[in-house]
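Below: the structure, in structure tokens.
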Amino acid sequence: MNNIFFIDNNLKFKANKSNLTQEDVLKNRPFAFHGENDFITFYTQYNGLVFPYGAFFYRDSFYQASSNDYNFLDVGAFFEISDANNSIEKMWKALKEDLETKELALKYFPFGNDSSGNLYCIESESGTVYYLTHENPKNITKVAPTFLEFCNKIQGEMR
């Protein structure tokens, strides 16, 4: 099967083989969003993954970034859809239960994180990928227009 998600040949990842069906993925995502077909395809192919040798993302692939903005970001893992500790459902539930992030959980759901535990989330209306820091979760940074475009721009080496 061709990998339409990670196109950088230098990027190494360890994926969990998925036995999820489209229905499994649909019932485990909190809301419909633009671009969800790519998300469904990803999770029927991989049920989460980690980047053991590092993975890097640059926001200026899509957006202008000033020196005060996040531009260089690391990507640590994509969560599983399962009963695992780092599952999408558990991370989204944690957002909903935290008083400071309760409102955010209505609009964003986490699918991955960086090496510091900051979250990569999908926005409900547009399907845009955002970055939420745990130090200040209300400081939300737009990262990529869609899940697929986010995946396509993850790199295995710093530039």
Side-chain angles (χ1 to χ4, degrees), residues 4-6 13 15-16 18 20-51 55-155:
I4 63 167
F5 299 100
F6 306 115
F13 59 91
N16 300 320
S18 180
L20 297 169
T21 65
Q22 178 176 340
E23 292 75 28
D24 294 331
V25 179
L26 286 170
K27 73 180 180 187
N28 281 286
R29 55 100 171 90
F31 43 70
F33 56 91
H34 175 73
E36 76 178 344
N37 288 338
D38 295 319
F39 183 84
I40 292 165
T41 301
F42 177 88
Y43 275 95
T44 57
Q45 187 173 350
Y46 310 114
N47 187 9
L49 56 81
V50 296
F51 299 99
F56 311 98
F57 182 87
Y58 294 89
R59 286 185 58 247
D60 63 8
S61 298
F62 300 106
Y63 308 110
Q64 188 171 8
S66 73
S67 60
N68 296 334
D69 292 335
Y70 289 109
N71 185 36
F72 168 73
L73 301 168
D74 79 286
V75 184
F78 284 22
F79 303 135
E80 295 180 38
I81 294 179
S82 68
D83 292 329
N85 287 331
N86 282 336
S87 73
I88 287 176
E89 181 181 357
K90 286 187 181 183
M91 299 308 276
W92 189 58
K93 186 177 178 185
L95 263 185
K96 289 193 305 187
E97 290 175 352
D98 184 300
L99 289 177
E100 195 169 324
T101 59
K102 197 172 199 161
E103 288 178 23
L104 296 175
L106 298 174
K107 191 170 180 177
Y108 304 94
F109 80 90
F111 67 87
N113 66 1
D114 67 10
S115 59
S116 298
N118 299 309
L119 299 175
Y120 291 100
C121 299
I122 295 176
E123 195 264 338
S124 62
E125 294 169 19
S126 66
T128 302
V129 176
Y130 285 85
Y131 180 73
L132 282 66
T133 63
H134 55 78
E135 296 90 11
N136 184 4
K138 293 189 178 175
N139 182 11
I140 301 166
T141 304
K142 189 184 285 192
V143 173
T146 66
F147 176 77
L148 179 61
E149 290 172 297
F150 174 72
C151 293
N152 285 174
K153 294 295 183 180
I154 297 174
Q155 302 175 12

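All figures in this text were calculated on a predicted structure; none of them were measured in a lab. Values below: every heavy atom of this structure, side chains too, minus hydrogens, waters and symmetry copies.
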Which atoms form the tightest heavy-atom contact between [X] and [Y], and what is the distance?
X    : Y    : answer
K96  : A105 : CG-CB, 3.1 Å
A144 : F62  : CB-CE1, 3.8 Å
C121 : P110 : SG-CA, 3.7 Å
T44  : Q22  : CG2-N, 3.8 Å
I4   : L148 : O-CD1, 3.5 Å
L73  : V143 : CD1-CG2, 4.1 Å

Check whether any side-chain heavy atom of [X] lies under 4.5 Å from a side-chain heavy atom of [Y], and answer yes or no.
X    : Y    : result
D38  : T146 : no
F6   : L49  : yes
L104 : I140 : yes
D74  : F51  : no
S61  : F150 : no
D69  : Q64  : no

Practice problem: Look at the aromatic rings of Y120 and Y131 and report parallel, tilted or perpendicular, splitting at 30° and 60°. | Solution: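 Ring orientation of Y120 relative to Y131: tilted.
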Quiz item: Under 30°, 30 to 60°, or over 60°: which ring-plane class applies to F39 and F147, parallel, tilted or perpendicular?
Solution: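 Because their plane-to-plane angle is over 60°, the rings of F39 and F147 count as perpendicular.
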N/O donor-acceptor pairs under 3.5 Å from side chains in residues 25-36, not counting sequence neighbours:
from, atom 1, to, atom 2, distance (Å)
N28, ND2, D24, O, 2.7
R29, NE, F31, O, 3.2
R29, NE, E36, OE1, 2.7
R29, NH1, L26, O, 2.9
R29, NH2, E36, OE1, 3.2

Quiz item: Under 6.0 Å between the ring centres of F5 and F13?
Solution: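 No: the rings miss the under 6.0 Å criterion.
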Self-check item: Between F42 and F78, ring centroids under 6.0 Å
Solution: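 Yes, close enough.
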Quiz item: Who passes ring pair (Phe, Tyr, Trp, His ring centres under 6.0 Å) against Y58, sequence neighbours left out?
Solution: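 For Y58 the ring pair (Phe, Tyr, Trp, His ring centres under 6.0 Å) partners, ignoring immediate neighbours, are F72.
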